[in-house]
J.: 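Pasting a structure below so you can have a look.
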Amino acid sequence: MVSKVKIKINDLYKIFGPKGESHVEKVKSGMGKPELLEKHSHVLGLQNINLDIIEGKIQVIMGLSGSGKSTLIRHINRLIEPTAGQIYIDDVDVLAMSDEELMNFRRFKASMVFQKFALLPHRTVLANTIYGLTMQGVEVKDAEERAAHWLKRVGLDGFEDRYPAQLSGGMQQRVGLARALATDADILLMDEAFSALDPLIRSDMQGILLELQEELHKTIVFITHDLDEALRIGDDIAILRDGRLVQQGSSQDIVLNPADDYVADFIKDINRARVLTVGTLPLKKTSAKGITLSNETSLEDAMKALVEAKKDSVTVVKDDKKLGSVSMHDIVHAATRSSETAGEAVTYR
Ligand SMILES: Nc1ncnc2c1ncn2[C@@H]1O[C@H](COP(=O)(O)OP(=O)(O)OP(=O)(O)O)[C@@H](O)[C@H]1O
Ligand SMILES: [Mg+2]
């Protein structure tokens with residue numbers, strides 16, 4: 001299947017301050033964030049961002065606090081105007097939209113889910129959920145039916161008449177998710193949407209999102225500074241540092257080939273056995289007597305399968321085609337060695 005670019009960001013720069021435009025050239029010729037602040041009292045928000053976000057996928061944006069994640073996601077629905085650069089959604093130039101087009105774009109095409117839930121306290125769960133639909137001009141009865149449907153889908157059946165304060169944080173965020181889904185927008189913008197939740201509840205929410213996504217195939221831009229969350233949720237991951245995109249790729253790419261120390265530092269504590277798949281290991285051309293596994297099998301599952309079968313090698317297949325073989329020894333080695341040396345691995349796909 002050919003993947004389609006849903007959101008295209010080209011050469012994007014954001015410099016906060018009254019004369020942002022006049023400093024773009026300096027940033028292009030190498031002036032960094034501290035110098036721009038010190039000499040010109042402007043804040044470098046984003047520089048030279050080029051990112052293609054694929055339709056129907058979850059694009060995670062990661063980075064430390066202040067690296068520009070919120071600034072980037074807010075450009076997508078033009079809550080922030082860029083200092084330079086272009087943004088296209090479905091090949092439409094977002095920056096060329098009239099006020100009315102922009103309003104419709106925000107109402108119908110891109111929904112936001114906020115970290116602080118942003119529910120109206122004096123309205124019931126149902127009334128909060130129909131909010132976006134009312135803005136779209138949907139009749140109340142129809143809106144309520146649709147809202148009830150989505151509340152059910154996020155597991156809030158029977159809570160329609162409660163008020164936000166009567167719900168736990170996790171439940172409030174489910175309302176936030178139902179409200180965003182009810183608008184039928186094909187883009188979801190989620191800025192640290194799960195970050196305020198306790199770990200177990202957070203993990204539940206990730207599960208709910210992934211389950212819904214299997215069926216809905218929305219284009220989701222998901223910001224987090226939590227690597228475990230990024231690896232679980234993200235089809236693609238982009239890492240920001242000081243307003244620059246330092247790396248983008250699949251979780252496998254990032255774990256196998258961290259672009260720099262900043263990225264290596266992010267991934268140093270991850271469970272490689274769970275993230276890496278046997279298909280990414282250097283495979284021998286000879287066939288093995290052991291067991292046969294798909295290239296998508298995680299190293300962890302491969303090790304378990306080998307132990308269970310009492311074998312010591314795996315034949316790796318992709319869509320029934322033999323790719324090669326790998327030994328238990330090599331799997332254990334790949335699962336346990338540190339990320340600094342990971343870059344040498346040859347990637348087979
Ligand atoms: N309106 C603004 N005026 C001036 N500087 C700003 C403004 N908004 C953001 N910044 C600066 O731009 C940089 C990026 O901020 P941003 O909020 O995008 O970071 P973030 O990655 O979302 O951080 P966090 O993880 O804390 O939410 C920071 O240095 C921030 O101080
Ligand atoms: Mg932020």
Side-chain angles (χ1 to χ4, degrees), residues 5-54 59-107 109-115 118 185 187-193 219-225 236-249 259-260 262-263:
V5 175
K6 181 81 176 174
I7 305 172
K8 193 168 187 57
I9 299 174
N10 285 347
D11 304 322
L12 187 72
Y13 286 78
K14 178 65 189 179
I15 298 170
F16 290 103
K19 289 198 215 141
E21 282 95 4
S22 65
H23 301 301
V24 172
E25 282 311 316
K26 298 184 194 82
V27 172
K28 283 188 179 170
S29 34
M31 184 176 286
K33 187 167 174 164
E35 197 181 348
L36 188 72
L37 185 61
E38 201 168 301
K39 289 201 181 134
H40 304 285
S41 307
H42 275 60
V43 178
L44 183 50
L46 294 171
Q47 56 175 317
N48 193 26
I49 304 286
N50 287 281
L51 182 64
D52 286 352
I53 297 177
I54 306 299
Q59 170 73 59
V60 162
I61 299 176
M62 275 196 76
L64 297 178
S65 184
S67 58
K69 305 182 294 297
S70 296
T71 304
L72 180 55
I73 204 170
R74 291 168 140 257
H75 273 88
I76 295 173
N77 58 356
R78 234 176 103 189
L79 291 176
I80 294 184
E81 298 284 340
T83 310
Q86 297 91 38
I87 300 147
Y88 299 94
I89 296 185
D90 286 329
D91 298 322
V92 175
D93 183 350
V94 177
L95 299 174
M97 283 182 189
S98 65
D99 288 350
E100 196 188 343
E101 285 168 331
L102 190 58
M103 195 174 72
N104 283 328
F105 169 74
R106 289 183 188 145
R107 283 182 184 167
K109 220 160 157 68
S111 275
M112 277 200 120
V113 183
F114 301 91
Q115 176 173 2
I187 298 173
L188 284 189
L189 303 175
M190 304 180 71
D191 189 351
E192 308 255 13
T219 305
I220 302 179
V221 185
F222 190 100
I223 290 183
T224 180
H225 53 246
D236 295 296
I237 300 177
I239 301 183
L240 282 174
R241 175 186 196 173
D242 293 337
R244 271 181 311 116
L245 208 51
V246 288
Q247 188 161 16
Q248 57 193 94
D260 62 12
Y262 176 85
V263 181

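Throughout, numbering of the chain's residues begins at 1 and tracks the sequence.
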J.: Ile73 pairs by side chain to side chain contact (heavy atoms under 4.5 Å, CB included) with which of Leu79, Val221, Ile80?
T.: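 Single side chain to side chain contact (heavy atoms under 4.5 Å, CB included) partner of Ile73 among Leu79, Val221, Ile80: Val221.
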J.: Let me know which of Leu240, Thr224, Ile239, Ile237 forms a side chain to side chain contact (heavy atoms under 4.5 Å, CB included) with Ile61.
T.: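 Per the side chain to side chain contact (heavy atoms under 4.5 Å, CB included) rule, the option paired with Ile61 is Leu240, out of Leu240, Thr224, Ile239, Ile237.
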J.: Does anything in residues 40-52 pair up under salt bridge (charged side-chain N to carboxylate O under 4.0 Å, His left out), and if so which pairs, sequence neighbours excluded?
T.: Lys8-Asp52
J.: Please give me the minimum heavy-atom distance between Thr83 and Gly20, naming the atom from each residue.
T.: CG2-C, 3.5 Å
J.: Just grab all the side-chain hydrogen bond (donor to acceptor under 3.5 Å, both in side chains) pairs involving residues 28-38, residues at least two apart or on different chains.
T.: Glu35-Lys39
J.: Taking side-chain contact (heavy atoms from CB on, under 4.5 Å) as the test, write out the residues that go with Met103, two or more places apart.
T.: Arg107
J.: side-chain hydrogen bond (donor to acceptor under 3.5 Å, both in side chains): which pairs involve residues 89-105, sequence neighbours left out?
T.: Lys4-Asp90, Lys6-Asp90, Asp90-Lys109, Ser98-Glu101
J.: If a pair satisfies side-chain hydrogen bond (donor to acceptor under 3.5 Å, both in side chains) and one of its residues is in residues 59-76, list it, with sequence neighbours excluded.
T.: Ser70-Asp191
J.: Among residues at least two apart in sequence or on other chains, which ones pass side-chain hydrogen bond (donor to acceptor under 3.5 Å, both in side chains) with Ser111?
T.: Thr183
J.: Scan for salt bridge (charged side-chain N to carboxylate O under 4.0 Å, His left out) pairs involving residues 76-85, sequence neighbours excluded, and state none if there are none.
T.: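 Qualifying pairs: Arg78-Glu81.
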J.: Can you sort out the partners of Glu192 under side-chain hydrogen bond (donor to acceptor under 3.5 Å, both in side chains), two or more places apart, ordered by chain and number?
T.: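 Residues passing side-chain hydrogen bond (donor to acceptor under 3.5 Å, both in side chains) with Glu192: Ser195, His225.
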J.: Return all side-chain donor-acceptor pairs below 3.5 angstrom for residues 41-48, not counting sequence neighbours, or 'none' if the list is empty.
T.:
| from | atom 1 | to | atom 2 | distance (Å) |
| --- | --- | --- | --- | --- |
| His42 | ND1 | His40 | O | 2.8 |
| His42 | NE2 | Lys19 | N | 2.8 |
| Asn48 | OD1 | Asn50 | ND2 | 3.3 |

J.: With salt bridge (charged side-chain N to carboxylate O under 4.0 Å, His left out) as the rule and sequence neighbours excluded, what pairs involving residues 236-245 come up?
T.: Arg241-Asp260
J.: State which residues pass ring-ring contact (aromatic ring centres under 6.0 Å, His included) with Tyr262; sequence neighbours excluded, sorted by chain then number.
T.: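 Result, ring-ring contact (aromatic ring centres under 6.0 Å, His included) vs Tyr262: Phe266.
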J.: Looking at side-chain heavy atoms only, is the closest gap between Leu36 and Val27 below 4.5 Å?
T.: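 A side-chain contact exists here, since the closest heavy-atom pair is under 4.5 Å.
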